[in-house]
Amino acid sequence: MPIGLFSLLFNWSLPYHDDHSTVQRKCDMPSLQPYSTFGLSTSCNMVVNFSSANEFIDAYRKFPINYIVGGGSNSIFLEDFDGVLLVNNIKGISHFDDDTHHYISAGAGENWHDLVSMCMQNGWYGFENLALIPGSVGAAPIQNIGAYGVEINQFIESVIAIMIDSGEQVRLTVNDCQFGYRDSIFKHDLAGKALITQVNFVLPKHYALATSYGELAALSTPSAFDVYNKVIEIRKSKLPDPAQLGNAGSFFKNPVISKTHFDTLVSQYQGMPGYVVSPKLMKVPAAWLIDQAGFKGKAVNGVRCHPTQPLVLTNLGHASGDDVRTMATNIITAVSNKFNVTLEPEVRLVGSQGLVSL
Ligand SMILES: Cc1cc2nc3c(=O)[nH]c(=O)nc-3n(C[C@H](O)[C@H](O)[C@H](O)COP(=O)(O)OP(=O)(O)OC[C@H]3O[C@@H](n4cnc5c(N)ncnc54)[C@H](O)[C@@H]3O)c2cc1C
């Protein structure tokens, strides 16, 4: 099917409401804890839910100092945010298929794991390796979510977004999105300029399961459901459940270093893992570097480096933004001193005025 027609079909397939956004005003400043899985005890001026592009544009113009969230699983509010939290509730899922593919379109405010599970139940396979990743459909393309050897860009046909300044709706193809490792145009040229409203996916009916990664390789002639269940089992055993222990998943990206640098490090640290990115570049697991730097299980006041996955920092319940900053900076410094490798945060850090760096 021509892509233009596909896009047209999906553009009218999701409901858009014109009713007004729900504004919650409280006497006290609203807590940000329910809107960030890390759960620091910080606040904002107001919370506004929007369930259509029009509602979003209205709210954005009314409250120019704002921060958009879906599930808040990649955002840590280090300080009280002196602005309005805009919560994406754009819903709607549609599907059709032809002989070779399933075409699925989802509103940006849909829950990612719920979408994966719904697709599995309907026999629309492909997302199984990406099960149990928290957050919204709309945030998935922003950092090109990935797990167990699969990244979401493999299944994206296009992303529908609203240009915030003009209110114009645009359709971005996979090439337009400039996907990379935990990266896309939404973190660069379109950062803060576009609201993703809908993601259009295409799942091939005939494809090879991706089972070469880690513990999935031990599965014998698995079905897509076996992979889905195994991914959930592994994730539950290794990663802290944000409902029990506040966290934002991987705090740092896995660094990519030159092959020359990698070879030097391997000669010093035998068994150092690495994955080929290109003939001249290697990706090193940040978890291994952090572990070797001695941080696994260590805590700074209310923040702990998780004992079974050192790439995850957790909120022991009483963490402050300063605890997060101190722990993250200590890790970056120690890894840099030991390996001459610079770790970069994968999480979005939000200060009183918006996004900040460490
Ligand atoms: C336990 C745990 C495990 C995780 N495992 C993985 C993993 O395996 N792989 C992986 O890639 N990630 C993982 N993550 C990170 C996280 O789940 C993903 O980054 C997810 O896509 C974030 O979705 P969200 O809706 O919660 O994002 P949010 O934190 O709400 O938003 C993330 C960023 O996107 C912006 N944004 C959100 N929605 C929109 C929109 N519609 N339009 C424009 N901008 C928007 C926000 O302003 C913010 O800057 C994990 C997180 C946790 C807590």
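Note that the structure is predicted; figures quoted are calculated from it, not measured. In this chain, numbering begins with 1 at the start of the sequence shown. Counting starts at 1 for both ligands and their atoms, in listed order.
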Exercise. For ligand 1, which atoms have a heavy atom of G72 less than 4.0 angstrom away?
Worked result: 24 (P), 26 (O), 28 (P), 29 (O), 30 (O)
Exercise. Is G146 in polar range of ligand 1, meaning some N or O pair under 3.5 Å apart?
Worked result: yes
Exercise. Relative to ligand 1, is Y67 under 4.0 angstrom through side chain, backbone, both or neither, heavy atoms considered?
Worked result: side chain
Problem set entry | Heteroatom distance test (G70, ligand 1): nitrogen or oxygen, under 3.5 angstrom | yes
Exercise. Is a side-chain donor or acceptor of N88 paired with a backbone partner of V69 at a separation under 3.5 angstrom?
Worked result: no
Seminar exercise, completed: One finds that the ligand 1 atoms under 4.0 Å from a non-hydrogen atom of R348 are 49 (O)
Seminar exercise, completed: Nearest non-hydrogen protein atom to atom 46 (C) of ligand 1, with distance, is I68 O, 3.0 Å
For this session: For residues F339 and Y269, establish whether the separation of their ring centroids is below 6.0 Å.
Result: yes
Exercise. Relative to the heavy atoms of V69, which atoms of ligand 1 are at a distance of less than 4.0 Å?
Worked result: 30 (O)
Problem set entry | Sequence neighbours excluded, every pair satisfying salt bridge (Lys or Arg N to Asp or Glu O under 4.0 Å) that has a member inside residues 290-301 | D291-K296
Exercise. Atom 43 (C) of ligand 1: which of S73, A194, G138 has the nearest heavy atom?
Worked result: A194
Exercise. Out of P240, S250, G71, A243, who gets a non-hydrogen atom closest to atom 24 (P) of ligand 1?
Worked result: G71
Seminar exercise, completed: Logged contact type for A248 with ligand 1, heavy-atom cut-off 4.0 Å, is backbone
Problem set entry | A108 N/O under 3.5 Å from ligand 1 N/O | no
Problem set entry | P134, any N or O under 3.5 Å of ligand 1 N or O | yes
Problem set entry | R235, K253, K238: member with heavy atom nearest to atom 8 (O) of ligand 1 | R235
Exercise. Taking distance alone, with no angle check, do I196 and ligand 1 share an N/O pair under 3.5 Å?
Worked result: yes
For this session: May I ask you to check whether Y228 and Y125 place their ring centres under 6.0 Å from each other?
Result: no
For this session: Show which atoms of ligand 1 fall inside a sub-4.0 Å distance from at least one heavy-atom site of T37.
Result: 53 (C)
Exercise. Taking the six-membered ring for Trp, are F127 and W112 ring centroids under 6.0 Å apart?
Worked result: yes
For this session: Would you give the length of the straight line joining atom CD1 of I162 to atom OG1 of T197, rounded to the nearest 0.5 angstrom?
Result: 5.0 Å
For this session: Please determine if K238 and E233 form a salt bridge, counting it only when a charged side-chain N lies under 4.0 Å from a carboxylate O.
Result: no
For this session: Taking the six-membered ring for Trp and the single ring otherwise, decide whether the centroids of F96 and Y103 are under 6.0 Å apart.
Result: yes
Exercise. Salt bridge or not for E344 and R182, using N-O below 4.0 Å?
Worked result: no
Problem set entry | Atom indices of ligand 1 within 4.0 angstrom of I142 heavy atoms, with elements | 34 (O), 35 (C), 36 (N), 39 (C), 43 (C), 44 (N), 45 (C)
